[in-house]
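Reviewing the structure listed below.
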Amino acid sequence: SVCVFWYPKVIQINKVNRMLSRIILGSQSSSRRAMLLELGCKDMCIIPAKINELEVGLEYRNKYNTTPDRIEKLVLAIGTAKADRILDIIRTGSATSDMADHFVYSDHGSCTKVKCPLPSSGIILTGDQVVTCGGQIYEKPVDAAEAKQFYQDYSDGSCSTVGSVVLTDIETKCSVSAVDITTLHFNSIPEEVIDSIVSNNPPREENDVIMYCCGALMSEHTVLSAYIRQIDGDIDAVLGLRKATVIDLLAKLETKIAAH
């Protein structure tokens with residue numbers, strides 16, 4: 001009787017695992033690669049989707065009008081546009097030398113990067129993320145001064161990440177999507193700590209990375225993380241890809257493909 005209850009769930013898990021092995025990541029984000037690796041994806045094809053994100057979803061992009069509905073539509077519009085761009089790259093072969101990056105991870109964690117032909121099948125994973133604080137959208141900081149202002153706004157307050165995940169099957173063009181919202185609450189961040197982060201003091205490698213993060217928000221930053229008081233939601237969503245959402249969407253996509 002135990003097997004009767006568990007058998008359908010085992011079948012579903014096996015289907016999701018097979019679909020995981022077919023994922024094509026439409027991002028160069030190392031943190032998104034890390035999240036997929038934690039899901040067991042040790043063999044990843046990467047096709048970055050280079051689009052003008054400022055033009056996509058322009059009707060929703062007003063940093064002074066950040067209703068939840070507008071922001072969700074914005075990140076979904078950008079995630080979908082990235083998927084459409086990758087489908088176009090695959091269809092026309094308009095990638096550099098018609099090749100894609102292929103990352104292969106060993107059981108010991110080492111990674112080998114090689115070139116591979118553009119795939120003709122698989123599941124494209126794209127998405128987008130913005131940070132909101134005080135009723136405004138925070139983009140990537142233009143300079144250290146803006147990054148400093150962001151941290152001053154977070155200090156003794158909170159900010160939220162709003163991120164989309166879009167899965168698209170190459171062959172059927174079936175697509176599913178979801179949005180994750182996570183809120184981070186901060187203790188007071190001393191001015192000298194903020195200055196240390198934005199002035200490229202140690203750890204320099206992390207301080208360089210924050211300039212490429214929306215809202216300069218790098219929750220895993222060695223110094224900044226010490227001032228996070230509470231997280232409402234999942235930390236992997238803050239890092240750019242909530243693993244539970246990927247699993248849920250894979251199951252939904254499998255159902256949609258079967259009914260196609």
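- A 4.5 Å side-chain heavy-atom check between I194 and Q152 finds at least one atom pair inside the cut-off.
- Side-chain N or O atoms of T80 include one that pairs as donor or acceptor with a backbone N or O of L76 at under 3.5 Å.
- Between the side chain of K113 and the main chain of D101, no donor-acceptor pair closer than 3.5 Å is present.
- Contact check for R91 versus I89: no side-chain heavy atoms found under the 4.5 Å cut-off.
- Here the side chain of S155 pairs no donor or acceptor atom with the backbone of Y151 at under 3.5 angstrom.
- Using a 4.5 Å heavy-atom cutoff, the side chains of L125 and I24 are not in contact.
- In this structure, the ring-ring contact (aromatic ring centres under 6.0 Å, His included) partners of F150, at least two apart in sequence or on a different chain, are Y138.
- Once rounded to the nearest 0.5 Å, the distance linking OG1 of T67 with NZ of K73 reads 8.0 Å.
- Looking at heavy atoms from C-beta onward, V246 lies in side-chain contact with L39 at the 4.5 angstrom threshold.
- The side-chain hydrogen bond (donor to acceptor under 3.5 Å, both in side chains) test applied to D84 returns no partner, not counting sequence neighbours.
- Side-chain contact between C45 and C116: present, with at least one pair of heavy atoms (C-beta onward) separated by less than 4.5 Å.
- Every pair passing side chain to side chain donor-acceptor pair (under 3.5 Å) that includes a residue from residues 33-47 is listed here, sequence neighbours excluded: R33-Y105, E38-K243, K42-D107, D43-H102.
- Distance check: D232 CG to L184 CG gives 8.5 Å after rounding to the nearest 0.5 Å.
- The heavy-atom pair separating T168 from V166 by the smallest distance is OG1-CG1, 3.9 Å.
- A pairwise comparison of heavy atoms in A81 and V56 identifies CB-CG1, 3.8 Å as the closest pair.
- Here I23 contributes atom CD1 and M44 contributes atom CE; the two are 9.0 Å apart, rounded to the nearest 0.5 Å.
- Contact record, V198 with K148: CG1-N, 3.9 Å, taken as the closest heavy-atom pair.
- Identified under the ring pair (Phe, Tyr, Trp, His ring centres under 6.0 Å) test for residues 158-192, with sequence neighbours left out: Y154-F186.
- Hydrophobic clustering places M218 together with I235 (ILVMFWY residues linked when any side-chain heavy atoms are closer than 4.5 Å, directly or through intermediates).
- In this structure, D128 has no side-chain hydrogen bond (donor to acceptor under 3.5 Å, both in side chains) partners at least two apart in sequence or on a different chain.
- Annotation for T182 and G233: closest pair CG2-CA, 3.9 Å, computed over non-hydrogen atoms.
- Side-chain contact between K140 and C213 is absent, with no heavy-atom pair separated by less than 4.5 Å.
- Looking only at side-chain heavy atoms (C-beta outward), I124 and L167 stay at 4.5 Å or farther from each other.
- Atoms NZ and CD1, on K173 and I257 in that order, are 11.5 Å from each other to the nearest 0.5 Å.
- Closest of all the heavy-atom pairs between E171 and S120 is CG-O, 3.9 Å.
- Annotation for I90 and P119: closest pair CG2-O, 3.1 Å, computed over non-hydrogen atoms.
- Residues satisfying the side-chain hydrogen bond (donor to acceptor under 3.5 Å, both in side chains) criterion with S219, sequence neighbours excluded, are absent altogether.
- Residues D169 and S175 have side chains not in contact (no heavy-atom distance under 4.5 Å, counting atoms from C-beta outward).
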